[in-house]
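Both ligands and their constituent atoms are indexed starting at 1 by order of listing. Keep in mind that the numbers below use all heavy atoms, side chains included, and drop hydrogens, waters and symmetry copies.
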Amino acid sequence: MEPGKYLQVAVVGVGGVGTQVVEQLIANPIYGFQLVALTSSKRMLQPTKDLCINPIAWKDALNASETPVDLSAVTSTLQELVKQGKKAVFIDNTSSQDVAEMYPALLSAGINVITPNKKAFSGEAGLYQAIVQASRSGRYLHESTVGAGLPIISTLRDLVETGDKVVKIEGVFSGTMSYIFNNFSAVEGSDESFSSIVKGARAQGYTEPNPADDLNGADVARKLTILARIIPELKDEQGNFPLLHGYQSVETTSLIQDAPASAVSNGDEFMKWLPEQDAHFSQMREQAAKEGSVLRYVGVVDVKNKVVKAELAKYPKTHPFATSLGGSDNIIMFHTERYGKRPLIVQGAGAGNDVTAMGVVSDILKLIRP
Ligand SMILES: NC(=O)C1=CN([C@@H]2O[C@H](COP(=O)(O)OP(=O)(O)OC[C@H]3O[C@@H](n4cnc5c(N)ncnc54)[C@H](OP(=O)(O)O)[C@@H]3O)[C@@H](O)[C@H]2O)C=CC1
Ligand SMILES: N[C@@H](CC=O)C(=O)O
Ligand code: NA
């Protein structure tokens with residue numbers, strides 16, 4: 001029997017990343033799978049009627065579907081398949097908190113969960129602890145929540161689970177912030193406006209659905225929380241996780257403190273408001289250039305000093321964060337006992353639909369490889 005021949009896949013959310021996930025599965029059917037549910041936020045292909053969806057025409061079929069989305073029906077279908085002895089996976093490609101809150105029940109029912117959605121792993125500790133507890137029955141894999149397809153979570157787990165001790169993790173964790181500052185505060189100079197570069201990041205699929213969630217630092221704070229929770233030395237004496245209130249406990253510099261509520265809650269409104277900030281950002285760029293520096297948005301999990309923070313900092317034009325990054329690159333440096341003087345470094349595109357989907361699909365392969 002081919003491994004994974006009976007992997008039953010439900011895909012929830014087929015926006016930028018989700019569409020690529022489905023396309024990559026279809027294009028590379030090496031292990032075999034069956035699509036048993038596909039949903040947007042409004043409609044779905046009904047699992048009972050369309051069990052084993054035709055992969056070729058899935059988008060047209062979903063757009064034409066008159067079945068309103070019903071995630072409890074999706075769960076029941078997967079649960080039934082698990083009872084029949086099949087392996088099932090719920091892939092959450094949304095950024096929804098409500099969907100994230102379904103994970104403990106899904107895992108307890110023996111359904112595996114794979115997702116690039118950071119909400120469940122970076123919010124209040126209660127949900128995260130419930131997920132860890134429930135993972136005795138089903139597995140959860142979330143490689144794309146940090147560094148998109150780059151092997152960040154798997155690398156950290158490998159370090160920790162082979163007994164290495166993490167001293168500090170630092171780097172550029174946001175594809176959007178990287179793209180923005182690589183272009184806005186380039187070593188060779190730039191005069192493009194801040195808002196026009198943010199528009200470019202959004203058009204290329206790097207930003208969160210609302211770019212405000214990138215520019216307020218929350219996306220980086222979420223990623224730092226996700227990593228911090230994997231490091232045993234950051235647990236307290238009772239074995240509890242630090243950052244009880246998740247990303248909101250992280251010391252974070254927001255770049256948009258003055259944004260009106262309408263812009264914070266709506267991506268299009270945010271983009272309309274942003275040009276008002278161009279002069280302020282240009283001033284910061286000029287000041288950094290006068291000092292022979294560039295601006296970069298960085299994150300640190302300092303295990304030794306128990307500090308987790310996300311901030312905008314100035315770096316000399318010769319620093320690797322200034323010279324070696326391009327596009328939406330992330331660079332993540334693991335300083336550990338074993339990798340003492342020379343850190344283990346992972347670098348590459350840290351945002352984009354295709355690379356994020358690759359992280360999701362590689363998690364699926366981890367589930368089904370022999
Ligand atoms: N883009 C990137 O580079 C990266 C993204 N991620 C994460 O990947 C996830 C997806 O991002 P992206 O594809 O860019 O986002 P999009 O906004 O393009 O897509 C989100 C999808 O989720 C659907 N959806 C939203 N809420 C629900 C719900 N309650 N139930 C069912 N479906 C729902 C939307 O439906 P509808 O189309 O009807 O609105 C849409 O299909 C996010 O969590 C993001 O943080 C992680 C790493 C990198
Ligand atoms: N908006 C995020 C997407 C990946 O997590 C980013 O820019 O890094
Ligand atoms: Na990753």
Side-chain angles (χ1 to χ4, degrees), residues 10-22 37-44 59 62-63 65 68-75 90-102 114-122 141-157 171-182 198 201-224 226-227 230 267 297 299 310 327-330 332 346-363 366:
V11 181
V12 175
V14 283
V17 173
T19 296
Q20 283 303 310
V21 167
V22 178
L38 271 176
T39 92
S40 69
S41 67
K42 294 169 200 76
R43 49 181 71 93
M44 66 178 189
K59 199 135 212 181
L62 181 60
N63 289 336
S65 168
V69 68
D70 178 357
L71 295 185
S72 50
V74 173
T75 306
F90 180 100
I91 304 180
D92 170 15
N93 297 311
T94 74
S95 57
S96 159
Q97 178 70 31
D98 291 346
V99 179
E101 284 174 11
M102 294 172 65
I114 291 179
T115 186
N117 180 356
K118 299 162 202 105
K119 298 273 160 72
F121 313 101
S122 58
L141 292 153
H142 57 117
E143 181 56 79
S144 282
T145 56
V146 183
L150 297 178
I152 305 300
I153 294 193
S154 54
T155 300
L156 179 57
R157 284 228 157 99
V172 171
F173 290 85
S174 161
T176 298
M177 294 285 214
S178 181
Y179 176 87
I180 292 171
F181 288 107
N182 294 340
V198 176
R202 194 182 196 207
Q204 293 182 70
Y206 300 155
T207 66
E208 293 305 298
N210 183 347
D213 294 330
D214 294 290
L215 293 181
N216 65 10
D219 183 73
V220 173
R222 285 186 182 280
K223 289 166 178 164
L224 299 175
I226 292 170
L227 296 182
I230 297 173
Y297 197 93
S328 70
D329 275 0
N330 283 184
I332 290 152
V346 183
Q347 178 177 351
N353 296 328
D354 50 355
V355 293
T356 307
M358 170 263 178
V360 173
V361 175
S362 72
D363 277 345
K366 284 175 203 143

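Interface atoms of ligand 1 facing V12, defined by a heavy-atom separation under 4.0 Å, are 31 (C). Using a 4.0 Å cut-off to heavy atoms of G352, the atoms of ligand 1 that qualify are 2 (C), 3 (O). With ligand atoms numbered from 1 in the order given, ligand 1 contributes 45 (O), 46 (C) to contacts under 4.0 Å with heavy atoms of K118. Listed by number with element, the atoms of ligand 1 under 4.0 Å from a non-hydrogen atom of A351 are 3 (O). Short contacts between ligand 2 and T207, defined as distances under 4.0 Å to a heavy atom of the residue, involve ligand atoms 1 (N). Below 4.0 Å from some heavy atom of K42 lie the following atoms of ligand 1, by number and element: 38 (O). Close approach to S95 involves these atoms of ligand 1, each under 4.0 Å from a residue heavy atom: 42 (C), 43 (O). Of all the atoms in ligand 1, the ones that sit under 4.0 Å from a non-hydrogen atom of S144 are 46 (C), 47 (C). Listed by atom number, the atoms of ligand 2 under 4.0 Å from D214 heavy atoms are 1 (N), 2 (C), 6 (C), 7 (O).
Of the listed options P116, G13, G18, P116 places a heavy atom closest to atom 6 (N) of ligand 1. For atom 42 (C) of ligand 1, the nearest non-hydrogen atom from the set T94, V14, T115, V17 belongs to T94. For the residues V69, V99, T207, the heavy atom positioned nearest atom 29 (N) of ligand 1 is part of V99. Relative to atom 39 (O) of ligand 1, the option among G15, S41, G267 with the closest non-hydrogen atom is S41.
Taking atom 4 (C) of ligand 2 as the reference point, the nearest protein heavy-atom neighbour is K223 NZ, 3.6 Å. For atom 31 (C) of ligand 1, the closest non-hydrogen atom on the protein side is S40 O, 3.3 Å. The shortest contact between atom 17 (O) of ligand 1 and any protein heavy atom is with P209 CG, 3.6 Å. With hydrogens left out, the protein atom closest to atom 18 (O) of ligand 1 is G16 N, 3.0 Å, a heavy atom. Counting only heavy atoms of the protein, atom 48 (C) of ligand 1 lies nearest to T356 OG1, 3.0 Å. Of the protein's non-hydrogen atoms, the one nearest atom 2 (C) of ligand 2 is E208 OE2, 3.2 Å. For atom 1 (N) of ligand 1, the closest heavy atom belonging to the protein is G205 O, 3.0 Å.
Ligand 2 has a nitrogen or oxygen under 3.5 angstrom from a nitrogen or oxygen of G175. An N or O contact shorter than 3.5 Å links Y206 to ligand 2 by distance.
Residue contacts with ligand 1 do not include G175, since none of its heavy atoms lies under 4.0 Å from the ligand. Distances from ligand 1 to the non-hydrogen atoms of N93 include at least one value under 4.0 Å. Under a 4.0 Å heavy-atom criterion, A148 is not in contact with ligand 2.
A distance of 10.0 Å separates OG1 in T176 from CD in Q204, rounded to the nearest 0.5 Å. Between the CG atom in N117 and the CG atom in D92 there is a gap of 4.5 Å [rounded to 0.5 Å]. Y206 OH to N353 CG: the interatomic distance, rounded to the nearest 0.5 Å, is 10.0 Å. One finds the CG atom of L71 at 5.5 Å from the OG1 atom of T39 (value rounded to the nearest 0.5 Å).
Residue contacts with ligand 2 for T176 involve both N, CA, C or O and side-chain atoms from C-beta outward (heavy atoms, distance under 4.0 Å). Contact annotation: for E208 versus ligand 1, heavy atoms closer than 4.0 Å belong to the side chain alone. Within the 4.0 Å heavy-atom criterion, the part of K118 lying near ligand 2 is the side chain and not the backbone. Of all the heavy atoms of D219, the ones lying under 4.0 Å from any atom of ligand 2 belong exclusively to the side chain.
Between N93 and the options V21, V12, I114, a side-chain contact (heavy atoms from CB on, under 4.5 Å) holds for only V21.
Side-chain N or O atoms of S328 include none that pairs as donor or acceptor with a backbone N or O of Y179 at under 3.5 Å.
A 4.5 Å side-chain heavy-atom check between T115 and F121 finds at least one atom pair inside the cut-off. Using a 4.5 Å heavy-atom threshold, the side chains of V99 and F90 count as touching. By the 4.5 Å heavy-atom criterion applied to side chains, V346 and I152 are counted as neighbours. In this structure the side chain of L227 reaches within 4.5 angstrom of the side chain of F173, judged on heavy atoms. Residues R157 and I230 form a side-chain contact, since some pair of their non-hydrogen atoms from C-beta on lies under 4.5 Å apart. Taking the side chain as every heavy atom from C-beta outward, H142 and I226 approach each other to under 4.5 Å.
Around the Na ion (ligand 3), protein N, O or S atoms at a distance under 3.0 Å total 5; waters are neither shown nor counted.
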Query - Full working for side chain to side chain donor-acceptor pair (under 3.5 Å) between S154 and E143 - result: CA-CA 7 Å; S154 54; E143 181 56 79; 3.0 Å; yes
Distance-only donor-acceptor pairs under 3.5 Å for side chains of residues 215-222, two or more places apart:
| from | atom 1 | to | atom 2 | distance (Å) |
| --- | --- | --- | --- | --- |
| N216 | OD1 | A218 | N | 2.8 |
| N216 | ND2 | A212 | O | 3.3 |
| D219 | OD1 | K118 | NZ | 2.7 |
| D219 | OD2 | K223 | NZ | 2.7 |
| R222 | NH1 | S122 | OG | 2.9 |

